[in-house]
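Note sheet for the following structure.
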Number of protein chains: 2
Amino acid sequence: MDAGLPAPDPPTTIAEFRARLATVNDRLPRRLQACAAHVAANMDRIAVSTVAELSARAGVAPSAFMRFCQILGFSGFSEMQRLFRDSYAPPWPDYATRLQNLKGAGAGSPAALVAEFVEAGHLSLESLAKSLDEAALAAAVDVLARADTIHVIGARRAFPVAAYLAYVFEKMAVPCILHDGVGRLDLRGALRPDDALLAISFAPYAPETLSLVEAAKDSGLPIAAITDHAASPLARLATATLSVPEVDFGAFRSLSATWALSLALAVAIGSSEDRHPDAKA
Amino acid sequence: MDAGLPAPDPPTTIAEFRARLATVNDRLPRRLQACAAHVAANMDRIAVSTVAELSARAGVAPSAFMRFCQILGFSGFSEMQRLFRDSYAPPWPDYATRLQNLKGAGAGSPAALVAEFVEAGHLSLESLAKSLDEAALAAAVDVLARADTIHVIGARRAFPVAAYLAYVFEKMAVPCILHDGVGRLDLRGALRPDDALLAISFAPYAPETLSLVEAAKDSGLPIAAITDHAASPLARLATATLSVPEVDFGAFRSLSATWALSLALAVAIGSSEDRHPDAKA
DNA sequence: CAGACATTAGAATATTTATTCCAAAAACAA
DNA sequence: TTGTTTTTGGAATAAATATTCTAATGTCTG
């Protein structure tokens, strides 16, 4: 062997990794120093690169890069990469199993249920922050802010969201019609040329919602959609599609992320320049 | 071959990818739809996963996943992955810093607003977890689980919560009446001796809600209340009071905590022994 | 400058991962 | 039902990738 005992235990967090990198750096052979430098400067690419790519960019041979990983305490590059891939996000929440456990263990405890829903809410919010499509959001705001009247529709589990949006719009004096289907009244006649539609729908997509969206599409109205994923039937028809990565707990959706996104959308519209061409705070 | 000409040119941006995903989704075989759904919901993991992992999570065979990639226009999984790897941005150091950046960047931008609401949601959830009154929760579950029919009321900003609770109860086959005030119909005649009332109200407390609560009180019905703090007028009348420490952002309530608490309450009631004295999965 | 030792690069190998192919199963049409 | 087409899962193959080994090179010491 050579330089004493490099490091028997691999780092288990990114923070630990940083620390290890710092301690190791002195008195390292030239090529390995190059590895250290390149890794430090490009930590974000480790999760998505191969040894070949990384070593080429660092200007060293792949084998040198391997040795470097081992000096850091890993068995090889793969193990090091796994650290970065896993810490990319909490490893996929397996809610099916967790629900199962809950049923088995403390099924009776409502407090445990609250904890679960709180957790689901946190995950949803975090995931929203991570995967937000800013361009689509801007487009949705734009389209809705220009509208004379905003039509809102959402059925079943999406109804509460639609209802609250209508409430918020009303508070902000934004003209708005909620298509709530009361009395089976069909309000599609209320769609006027300069209006826009905001549709909220999650799987399984309610036919009434889809039908209104299609009607709006036929009339050439712009459509903003809040839905569960980009492959939803709404996405095809909408001018701007906002997808909310909501984490379900059991059969029930926490809606935290949907809520955050919807409110932000509403407030952005309410304070938009398009809607208030003249000055306002 | 089979279905005409699927897609000769692969998407070159994430936005294009989203669009392609949306167009492709109709009239797709079952397994491939599963792929589409899973990919749409977990776009952020594509860069750091293998086909084996992704297909397993989606519950399909790897070969099916490959076919899916090709339908999307890619030559295979690797090409699709390359798209995501190139535009990969890791979320660490940590989520708080990211929000900070997002806020700092464009103070007025819709994306910054989303960040604000996400933050408010996190705080609300956290404080709910800390301040939850387990005894009151247990009491509320108890009271509502024993009821023949659960009456739900919530007006204005609390209406969405009431509406969703009614939806969830219906899904769980729990008899429930939503006092939604449609047509100014007063449903208080529907309060029967063995029923219970679940009232949701935040300041300023809607008169209709208070009025129904008083009516229930007069009839001797048990009342569970979800409200903003223990000194609310509802607390005086209710059998069990759940207070939700919601964090407001601007004039608007995030409701994340209310949501988590309400769902937990509903699920606890739905799966309660009182309601299902005989066995059920 | 010679000898010992440390470091390196590239070839050889092992392992993982992607991709294709085909027979069985399922869906569909007549 | 039967025959036809589509869809599926798994085994077989191909490709990419990580890892180890070794000979060669470079560096340092006396």
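- In this structure, B:R31 atom CZ and C:dA27 atom P are separated by 10 Å, rounded to whole Å.
- Aromatic rings of A:W259 and B:F117 (six-membered ring for Trp) have centroids beyond the 6.0 Å cut-off, not under it.
- One atom, CD1 of B:I71, and another, C1' of D:dT7, lie 11 Å apart when rounded to the nearest Å.
- Here B:S87 pairs with B:I14 under the side chain to side chain contact (heavy atoms under 4.5 Å, CB included) rule; sequence neighbours left out.
- Note on residues 210-237 of chain A: pairs passing salt bridge (Lys or Arg N to Asp or Glu O under 4.0 Å), not counting sequence neighbours, are A:R236-B:D26.
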- prompt: For nucleotides 17-26 of chain D, read 5' to 3', which letter fits each nucleotide if B means a protein heavy atom sits under 4.0 Å from the base, S means only the sugar-phosphate is that close, and - means neither?
  reply: SSSB------
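- Residues A:F84 and A:F17 form a side-chain contact, since some pair of their non-hydrogen atoms from C-beta on lies under 4.5 Å apart.
- Ring geometry, A:Y205 versus A:H229: the interplanar angle exceeds 60°, so the pair is classed perpendicular (tilted spans 30 to 60°).
- Separating the CZ atom of B:F65 from the P atom of C:dA18 is a distance of 10 Å, rounded to the nearest angstrom.
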